[in-house]
There are 2 protein chains.
Amino acid sequence: MAWDTARTRRLLLEAAVEEFAEHGPQGARVDRVAARAGVNKERIYQYFGGKRQLFTAVLEAELARVAGAVPLTAEQMADLGEYAGRVFDYHCAHPHFLRLLAWEGLEDGRTGVAAEDERAAHYAGKVAAFAAARENGLLTAEVEPAHLVYAVYALATWWFTAPQVVRMIMAGAGDDSPAARRAGLVRMVRRLTASAEDRSGDGSAHA
Amino acid sequence: MAWDTARTRRLLLEAAVEEFAEHGPQGARVDRVAARAGVNKERIYQYFGGKRQLFTAVLEAELARVAGAVPLTAEQMADLGEYAGRVFDYHCAHPHFLRLLAWEGLEDGRTGVAAEDERAAHYAGKVAAFAAARENGLLTAEVEPAHLVYAVYALATWWFTAPQVVRMIMAGAGDDSPAARRAGLVRMVRRLTASAEDRSGDGSAHA
DNA sequence: CAAATCTCCAACTGATCAGTTGGAGTATGG
DNA sequence: CCATACTCCAACTGATCAGTTGGAGATTTG
């Protein structure tokens, strides 16, 4: 049978995403990654170099996936609430990513940030789109575009980043389903980003 | 000289806060905690039981501190933007806490949440205060009170939770000082929480 | 088909670290 | 002033784990 090194590599990377998302760069066990992949752990050193590099590879792979998955089109720009909703949906469906990001944040300073240039460019694009929308009157001028970008991501993702706190906050509330969370998120982002003209309406002008 | 066991305990706890905030429950080293405290590590097992229990003790101690530090008074309730600003200020001054919380969030599910009942009650109090303010017309009725509580904390704390992402988002922006961040935060929370009457004004009615 | 190369793996190594132990020093109570 | 109990510590132990090695088998190439 022909060798399929690409498959072995892919199996290892998939296993590593799970392992690192679950346990973080410290808690992840190289042996477990190999076992999950059904491959000898020595392959990790051949293909990736070591645990550290494997983590970076995992982060870069997931970063690439997420960047393409939730694009910010001109249409999205007209209703940022719905855009935030889609970001929320993505992370509901792929809970690994924000865990990896959280671990990266906690390691921040100790090690460099993966793929920093591409990511910086990615976010610069978002900020530029927000700034353009503000020029066109689609977006409030009361708040800095960069701060609005911050708010959209903060509101869309904090559910996943501090799940234990969210659970306690929502404990009393009646409906705490993902759908209810999403609806609240969409409404909040609309309120936050709506321009003055839109705001004169009923607050759900975009619906 | 008289024994001062309380002091030894306190030294260990302070050292442990630093160590756990920096490296997390996995990465923290018992030997390092003892060295920082200038105490033999065996004391940790006598006073706290073990690494795990020490982490819980650390979390509970910090939780107690933060709960008292940023109260939500009736006066605060009238300007939630400023309340969010004070939460932000606290975490600027005490960066340990949110790191501990982030680690707790990542461990969520694997181990129980520390002091869950007190904390749940704490957040229930916030939600109740928001609900009351809504009745009084101080707060928008468009969004669930619990979701507004979520938003205030998400917006006030995400700076610290995903510092690497925030850095990239803010890269282009001119002024990215803590003061600028705080100002943006205050304005956003006001926009988000203002009731319909307030919103008819210029958006900074609370200033 | 033989030499060179690649894939795979079990077993090993050396370092690290949580947790323990035994004993020496120090206060306290009778 | 002695018995008891508490405080402190250096050295040890056993487990875990990242990373290595040497070799067995499969594949390619000339």
Side-chain angles (χ1 to χ4, degrees), chain A residues 1-61 100 103-104 106-107 110-112 114, chain B residues 1-61 100 103-104 106-107 110-112 114:
Chain A
M1 190 180 38
W3 295 122
D4 193 350
T5 69
R7 179 172 164 278
T8 304
R9 230 191 107 95
R10 185 173 45 75
L11 285 173
L12 277 173
L13 201 61
E14 281 168 10
V17 169
E18 304 265 335
E19 177 72 12
F20 279 116
E22 208 163 312
H23 300 98
Q26 284 275 348
R29 295 293 166 242
V30 174
D31 307 64
R32 263 199 306 250
V33 173
R36 276 190 211 231
V39 160
N40 190 275
K41 75 168 168 167
E42 173 262 358
R43 292 291 86 201
I44 290 170
Y45 296 93
Q46 292 297 323
Y47 289 147
F48 296 97
K51 193 194 197 187
R52 197 74 238 164
Q53 289 101 311
L54 181 59
F55 181 62
T56 304
V58 160
L59 218 49
E60 287 176 356
L100 293 169
W103 262 303
E104 190 193 35
L106 286 167
E107 296 250 308
R110 235 168 317 182
T111 62
Chain B
M1 189 179 40
W3 295 124
D4 192 350
T5 70
R7 179 171 165 278
T8 304
R9 231 191 106 95
R10 186 174 44 76
L11 285 173
L12 277 173
L13 201 61
E14 281 168 9
V17 169
E18 305 264 335
E19 177 71 13
F20 279 116
E22 210 164 311
H23 300 99
Q26 284 276 347
R29 296 292 167 244
V30 174
D31 307 65
R32 266 200 305 252
V33 172
R36 275 190 213 232
V39 160
N40 190 275
K41 75 168 169 167
E42 175 264 346
R43 291 290 87 203
I44 290 170
Y45 296 91
Q46 292 297 323
Y47 288 147
F48 296 96
K51 193 195 197 186
R52 197 73 240 163
Q53 289 100 311
L54 181 59
F55 181 62
T56 304
V58 160
L59 217 49
E60 286 176 356
L100 293 169
W103 262 301
E104 190 194 34
L106 286 167
E107 296 250 308
R110 234 169 318 183
T111 61

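These numbers were taken from a predicted model, which means no experiment stands behind them. In what follows, chains are A, B, ... by sequence order, proteins preceding strands, each numbered from 1.
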Under 4.0 Å between a side-chain N or O of R29(B) and OP1 or OP2 of dA18(C)?
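Answer is yes, contact under 4.0 Å.
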Is the shortest side-chain N/O distance from T8(A) to OP1 or OP2 of dT7(C) below 4.0 Å?
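For dT7(C), OP1/OP2 do not have a side-chain N/O of T8(A) under 4.0 Å.
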Minimum heavy-atom separation for A21(B) and W103(B), please, with both atom names.
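The pair with the smallest heavy-atom distance is O-CZ3, 2.7 Å.
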Might you point out which heavy atoms bring G27(B) and E19(B) nearest each other, and give the distance in Å?
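So the two residues come closest at O-OE2, 4.2 Å.
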K51(A) side chain to P25(A) backbone, donor-acceptor under 3.5 Å
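A pair under 3.5 Å: yes.
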Is the backbone N or O of A37(A) less than 3.5 Å from a side-chain atom of E14(A), with the two atoms forming a donor-acceptor pair by type?
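Flag not set: sc E14(A) to bb A37(A) has no pair under 3.5 Å.
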Before accepting this row, confirm whether a basic side-chain N of the pair R32(B)/E22(B) lies closer than 4.0 Å to the acidic partner's carboxylate O.
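Result for this pair is no, no salt bridge flagged.
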Atom [atom1] of [X] and atom [atom2] of [N]: how far apart are they, to the nearest Å?
| X | N | atom1 | atom2 | result |
| --- | --- | --- | --- | --- |
| R9(A) | dT7(C) | CZ | P | 12 Å |
| K51(A) | dT16(C) | NZ | C1' | 12 Å |
| R7(A) | dC6(C) | CZ | P | 21 Å |
| F48(B) | dT7(D) | CZ | P | 13 Å |
| H23(A) | dT16(D) | NE2 | P | 15 Å |
| Q26(A) | dT16(D) | CD | P | 18 Å |

Among V58(A), L13(A), V39(A), L12(A), which residue satisfies the side-chain contact (heavy atoms from CB on, under 4.5 Å) criterion with V33(A)?
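Option passing the side-chain contact (heavy atoms from CB on, under 4.5 Å) with V33(A): L12(A).
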For DNA chain D, determine which residues of residues 32-46 of chain A have any heavy atom closer than 4.0 angstrom to one of its atoms, and list them numerically.
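Going residue by residue through residues 32-46 of chain A, the ones with a heavy atom under 4.0 Å of DNA chain D turn out to be K41(A), E42(A), Y45(A).
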